[in-house]
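In this text, all values refer to a predicted model and were calculated from it rather than measured experimentally.
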Amino acid sequence: RIELAQSEGGSVQVGGSLTLSCAASGDATGMNCMGWFRQPPEHEREGVASIGFSGGPTYYADSVKGRFVIATNTSRDMKTMLYLRMNNLKPDDTAMYYCAVGLCRKLGSSWPDSGHWGQGTQVTVSS
């Protein structure tokens with residue numbers, strides 16, 4: 001069983017920055033990557049970024065390339081931490097953000113094929 005606990009999101013102004021975090025623990029047998037997804041209002045969930053368990057390779061949606069950075073490390077209590085640093089935020093980045101753990105069929109070019117999701121956290125970007 002995988003447990004994913006996300007930090008709170010927040011509200012920022014256009015051009016601002018925000019970092020999301022997600023603590024993962026449990027048995028990841030058969031999985032190889034983690035990622036972030038988002039669901040804007042009245043839209044379907046979409047992949048944002050993914051990263052292999054070893055810290056790479058990374059994969060980004062075109063809409064966030066050059067602005068968002070995904071990273072992972074291990075915390076002192078041996079939980080795997082996943083981060084999403086979001087820079088130069090735009091109103092279109094407003095969404096509920098979810099972390100996920102799963103199997104990336106091709107590391108560096110796919111999203112986690114996952115049934116394991118964090119609880120979601122709201123990010124709102126205002127002009």
Side-chain angles (χ1 to χ4, degrees):
R1 176 180 174 176
I2 296 286
E3 293 187 356
L4 299 170
Q6 294 182 225
S7 63
E8 291 186 1
S11 297
V12 297
Q13 293 189 325
V14 169
S17 298
L18 193 64
T19 299
L20 304 180
S21 64
C22 174
S25 59
D27 184 358
T29 301
M31 305 174 202
N32 64 358
C33 71
M34 303 180 72
W36 291 95
F37 291 75
R38 68 185 182 186
Q39 187 165 14
E42 300 180 1
H43 285 75
E44 294 185 353
R45 193 174 296 187
E46 60 186 19
V48 175
S50 68
I51 187 168
F53 280 171
S54 61
T58 57
Y59 178 53
Y60 296 93
D62 288 343
S63 58
V64 306
K65 277 182 185 176
R67 300 189 298 121
F68 289 15
V69 179
I70 188 171
T72 183
N73 64 20
T74 302
S75 66
R76 288 185 176 182
D77 58 356
M78 301 308 293
K79 289 183 179 178
T80 297
M81 297 300 299
L82 179 70
Y83 302 97
L84 185 69
R85 174 66 175 179
M86 305 182 290
N87 299 311
N88 190 20
L89 282 160
K90 304 176 180 181
D92 285 349
D93 296 318
T94 294
M96 186 71 78
Y97 283 73
Y98 300 88
C99 61
V101 176
L103 177 67
C104 287
R105 301 198 179 276
K106 188 170 183 180
L107 286 173
S109 60
S110 63
W111 311 119
D113 182 4
S114 169
H116 305 282
W117 300 94
Q119 78 273 24
T121 187
Q122 180 66 38
V123 173
T124 302
V125 184
S126 58
S127 56

Under a 3.5 Å distance rule, please check whether [X] uses its side chain to pair with a backbone N or O of [Y] as donor and acceptor.
X      : Y     : answer
Thr121 : Ser7  : yes
Glu3   : Gly26 : no
Ser126 : Gln13 : no
Tyr59  : Gly35 : no
Thr124 : Thr94 : no
Gln6   : Tyr97 : yes

Practice prompt. Carefully, step by step, assess Thr72 and Thr80 under the rule side-chain contact (heavy atoms from CB on, under 4.5 Å).
Written response: CA-CA 7 Å; Thr72 183; Thr80 297; 3.5 Å; yes
Fill in: Carboxylate-amine/guanidinium proximity below 4.0 Å for Lys65 and Asp62
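Yes.
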Are any of the side-chain heavy atoms of [X] and [Y] separated by less than 4.5 Å?
X      : Y      : result
Leu4   : Tyr98  : no
Arg67  : Met86  : no
Val101 : Pro112 : no
Arg85  : Ser17  : yes
Tyr83  : Val69  : no

Heavy-atom pair of closest approach, residues [X] and [Y]:
X      : Y      : result
Ala61  : Trp111 : N-CH2, 3.5 Å
Glu46  : Pro40  : OE2-CG, 4.3 Å
Gln122 : Ala95  : NE2-O, 3.4 Å
Val48  : Leu84  : CG1-CD2, 4.3 Å
Ala71  : Ile51  : CA-CD1, 3.9 Å

Just how far is it from atom [atom1] of [X] to atom [atom2] of [Y], taken to the nearest 0.5 Å?
X      : Y      : atom1 : atom2 : value
Leu82  : Phe53  : CG    : CZ    : 10.0 Å
Met96  : Arg38  : CE    : CZ    : 14.0 Å
Arg105 : Asp113 : CZ    : CG    : 4.5 Å
Ile70  : Cys33  : CD1   : SG    : 8.5 Å

Check the hydrophobic clustering (I, L, V, M, F, W, Y; side-chain heavy atoms under 4.5 Å; chains of links allowed) and say if [X] and [Y] are grouped together.
X     : Y     : value
Met31 : Trp36 : yes
Met34 : Tyr60 : yes
Phe37 : Leu89 : no

Worksheet item: Is the NZ or CZ atom of Arg45 positioned over Trp117's six-membered ring, under 6.0 angstrom from the centre and within 45° of the axis?
Response: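 Yes; both conditions hold, so Arg45 lies above the ring face of Trp117.
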